[in-house]
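The block underneath contains the structure these notes are about, expressed in structure tokens.
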There are 2 protein chains.
Amino acid sequence: MPRSRRSTNRVTMDDVAARARVSASSVSLFLRNPDAVSPRIAPRIKQAIEVLGYVPNLLAGSLAAARTRAIGVVVPSLGNAFFSATVAAMQKEFDRHGYQLLLGATEYEPGREADLVRTFLSWSPTALVVTGCRHDDETRTLLRSARAPVAEMWELGEQPFDLQVGFSHYKAGEAVARHMLEIGAKRVAFIGARMKSDVRAHQRCEGFSRSMLKAGIDVHIENVPGDASPKTGAHALADILRRMPDVDSIACSNDVIALGVLFEAQRRGLAVPQQLRVAGFGDLPFSEECVPPLTTVQPRATQIGLSIARELMERVEQPADEQEPRIVDSGFELVIRASTQRIEASQEP
Amino acid sequence: MPRSRRSTNRVTMDDVAARARVSASSVSLFLRNPDAVSPRIAPRIKQAIEVLGYVPNLLAGSLAAARTRAIGVVVPSLGNAFFSATVAAMQKEFDRHGYQLLLGATEYEPGREADLVRTFLSWSPTALVVTGCRHDDETRTLLRSARAPVAEMWELGEQPFDLQVGFSHYKAGEAVARHMLEIGAKRVAFIGARMKSDVRAHQRCEGFSRSMLKAGIDVHIENVPGDASPKTGAHALADILRRMPDVDSIACSNDVIALGVLFEAQRRGLAVPQQLRVAGFGDLPFSEECVPPLTTVQPRATQIGLSIARELMERVEQPADEQEPRIVDSGFELVIRASTQRIEASQEP
DNA sequence: TTGTACGCGTTATCAA
DNA sequence: TTGATAACGCGTACAA
């Protein structure tokens, strides 16, 4: 007895083929390469598709072809403007090539990365994109077993799987420290949010404070819990002023924190940069516009997304088997603005 | 001649079955309901899965079951904090239920919505989420033909497909206008970004300016091109001051624009709220913290995402066939802060 | 150029 | 409870 399923009265390729009076394989061929079928049947197929409102079943296609036009992307958080900019750029580029972006966010929770990667793998993705290059053993195993190129973004270091596009956060921290030393910083603090789980913010902090230490300056580090936000920055400044009233320079792990510092300083009548120098990280849309404009590190978030997408598309569409791992330093730029102005001798005690 | 393909040396369910010395059906059953197999073979299957590192192929599963655990989401832009907050909330909730979020952004380009929906449909998604309730004919046709619940978010109006979670932007605009009238606004302007394509910003503008008109006040509308940003706001304020030097109150379609207005006012020594009142929309993280704190409309972005996800999961998991369309007014709240303070008579000319 | 037949890795059905 | 087997809808090698 025949077991009829086919509950889904979906329009299939066979339906199109029947209506166009050709075989299903001709329809399949037409869909992938319209010029490959004879000019006589092409219009018939085209019309049948339109009349029936045929939508190809990607699932079946992917299963047959053993490859899915989907790319899994793991970011820590979408609330973070850095990552949403990168994701937006990637999505746009993937879309151009007909690839679908699968999105997952860890919210900095340990173990979530492995879960998300596992989920993505069950979709047989064409490629995987993860954030950072530090992963737990489970994630590493999963990524290694993936028969798809793996891109790591926003950070350099460790051994790359296939592609790594990012920059050294440690150096970014160093660059800010160097600048602050040049302008005569003496009493220095660093504000970072959740630096135990945000390893990149922690790296920037390390780069900054070690550089300072080499110059004989001990940095007061304020590691606040929760998301980076202006409120975080404002509270942190209040704390710092309590413990270190003569602070003259503050670096922040994120521009939104720095913005909060600027607001709090303004409320307290603390002049920036005359009495307090402030630097951030991210070069967010407000950083150029705020008062005073904020010295910061520009990480090229969009460029990272674009590079990854392009490089992956290239690898996927021209599968020169066994490609070498590739590392791309997307770099960063220290953008010096009015919030860090030279500390005049006259203003020092 | 047998055609051996099976180039993909992927670990399949059969491999697991062979190793556990059971049938593939039992493995499948175990995966969906571990308690349904006898306690004798369950551990064998479990071990085989772990040893072989088996990852189920969702594609095959979805094809067979004729349902995919994927939900397509279309937003205008990820750069917009509103939508990224909503998407983040949805993704988290979907993930909890084992559903994958497919993401697409239109970047406010006409026609992109239909393209994205079409792409999603070919994935046979469990549900679709789109932004707003105004869609071109092509999109409407596609959505109607979808055998999946369709949720529209961030806006109310039109006839809902299945679910609509949002609020009236027109009323949000009215609420701001009402407040500004109460505090004695006389010379009024509205700044919006790209209001031809951002229909919701346009609605807020309409609600605002019509309310003002009813009170006999003609609103100067500044519709700037490009994304909403602080720079946009700063430039717009400069423009407004040129054409309308005695402006006393400005409403903005977005808090980031309002932030730019505050910065520009500060640079010009224009005291807010004493000389100029400013209101925004969005209640972004900085809005409470900036100087002065910003009066704004809070749209409950996270709540919208959560409501949609929960409602969809419910519909999907308890398919009481032919559910009624449902409209949920997520509401908004006018948050009055220092940036809009009563205009004292003594300060008027 | 077009058609035939098989296989992709699962789920669902039904018999044992 | 377990296992054999037929779909699911399409890609593709190969024959016509």
Side-chain angles (χ1 to χ4, degrees), chain A residues 1-18 20-45 48-49 52 54-69 121-125 147, chain B residues 1-18 20-45 48-49 52-70 121-124 126 147:
Chain A
M1 165 173 140
R3 320 202 179 159
S4 138
R5 278 163 74 184
R6 192 78 159 81
S7 53
T8 71
N9 44 353
R10 193 192 225 285
V11 178
T12 75
M13 199 175 257
D14 278 328
D15 298 332
V16 176
R21 282 170 296 130
V22 296
S23 75
S25 52
S26 297
V27 178
S28 175
L29 188 59
F30 171 82
L31 286 174
R32 257 165 310 111
N33 184 7
D35 301 327
V37 301
S38 70
R40 264 233 308 291
I41 69 167
R44 291 220 306 267
I45 296 178
I49 289 178
L52 297 173
Y54 169 69
V55 178
N57 186 333
L58 270 187
L59 261 48
S62 305
L63 181 60
R67 72 179 205 131
T68 312
R69 296 178 83 84
L121 283 182
S122 61
W123 283 91
S124 307
R147 279 168 314 288
Chain B
M1 165 175 134
R3 320 196 182 165
S4 132
R5 281 163 69 185
R6 192 80 157 78
S7 53
T8 70
N9 44 353
R10 190 191 228 285
V11 177
T12 74
M13 198 174 259
D14 279 327
D15 298 332
V16 175
R21 282 169 298 132
V22 295
S23 73
S25 313
S26 300
V27 178
S28 175
L29 189 59
F30 171 81
L31 285 173
R32 256 163 313 113
N33 184 7
D35 302 327
V37 301
S38 69
R40 264 233 307 294
I41 68 169
R44 292 221 305 270
I45 297 178
I49 288 178
L52 297 174
Y54 169 69
V55 178
N57 186 333
L58 273 186
L59 260 49
S62 304
L63 179 61
R67 68 177 207 138
T68 312
R69 295 177 84 84
L121 283 182
S122 60
W123 283 89
S124 309
T126 304
R147 279 169 312 288

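Reminder, nothing fancy here: chain letters follow the sequence lines and each chain counts from 1.
Considering only the side chain of B:A64, C:dT11 comes nearest among C:dT11, D:dG11, D:dG9. In this structure, the nucleotide among C:dT2, C:dG9, D:dT2 sitting nearest to the side chain of B:A60 is C:dG9. Checking D:dG3, D:dG9, D:dC8 against the side-chain heavy atoms of B:V22 singles out D:dG3 as nearest. Nearest to the side chain of B:A65, among C:dC8, C:dA12, D:dT12, sits C:dA12. In this structure, of C:dG3, D:dT2, C:dG7, it is D:dT2 that holds the atom nearest to the side chain of B:V37. The side chain of B:S38 approaches D:dT1 more closely than any other nucleotide in the set D:dT1, C:dT11, D:dG9.
Residues from residues 23-30 of chain B with heavy atoms under 4.0 angstrom of DNA chain D, sorted by number: B:S23, B:S25, B:S26, B:L29.
Residue A:Y54 places none of its side-chain N or O atoms closer than 4.0 Å to OP1 or OP2 of D:dG9. Under 4.0 angstrom from either OP1 or OP2 of D:dT12 there lies at least one side-chain N or O belonging to A:R32.
The nearest whole Å value for the distance from the CG atom in B:N57 to the C1' atom in D:dG9 is 14 Å. Computed from coordinates, the A:L52 CG to D:dG9 P distance equals 15 Å when rounded to whole Å. Atom CG in B:L31 sits about 16 Å away from atom P in C:dG9, given to the nearest Å. A straight line from CG of A:N33 to C1' of C:dT2 spans 15 Å, rounded to a whole angstrom. Computed from coordinates, the A:L63 CG to C:dT10 P distance equals 9 Å when rounded to whole Å. In this structure, A:D15 places its CG atom 13 Å from C1' of D:dC10, rounding to the nearest Å. Atom CE in A:M13 sits about 8 Å away from atom C1' in D:dG9, given to the nearest Å. In this structure, A:W123 atom CH2 and C:dG9 atom P are separated by 17 Å, rounded to whole Å.
A heavy-atom distance below 4.5 Å is found between the side chains of B:T68 and A:W123. For the pair A:F30 and A:I49, the minimum side-chain heavy-atom distance is below 4.5 Å. Contact annotation: the side chain of A:V22 approaches that of A:V27 to within less than 4.5 Å [non-hydrogen atoms, C-beta and beyond].
Nucleic acid contact class of A:I41 (heavy atoms, under 4.0 Å, all strands): sugar-phosphate only.
What you find for B:P56 and A:S122 is that their closest heavy atoms are O-CB, 3.1 Å.
Using a 3.5 Å distance cut-off with no hydrogens or angles, the side chains of B:S26 and B:S23 do pair a donor with an acceptor.
A:L58 contributes atom CG, which lies 10.5 Å from atom CG of B:L121 (distance to the nearest 0.5 angstrom).
At distances below 3.5 Å, not a single donor-acceptor pair connects side-chain atoms of A:S28 with backbone N or O atoms of A:A24.
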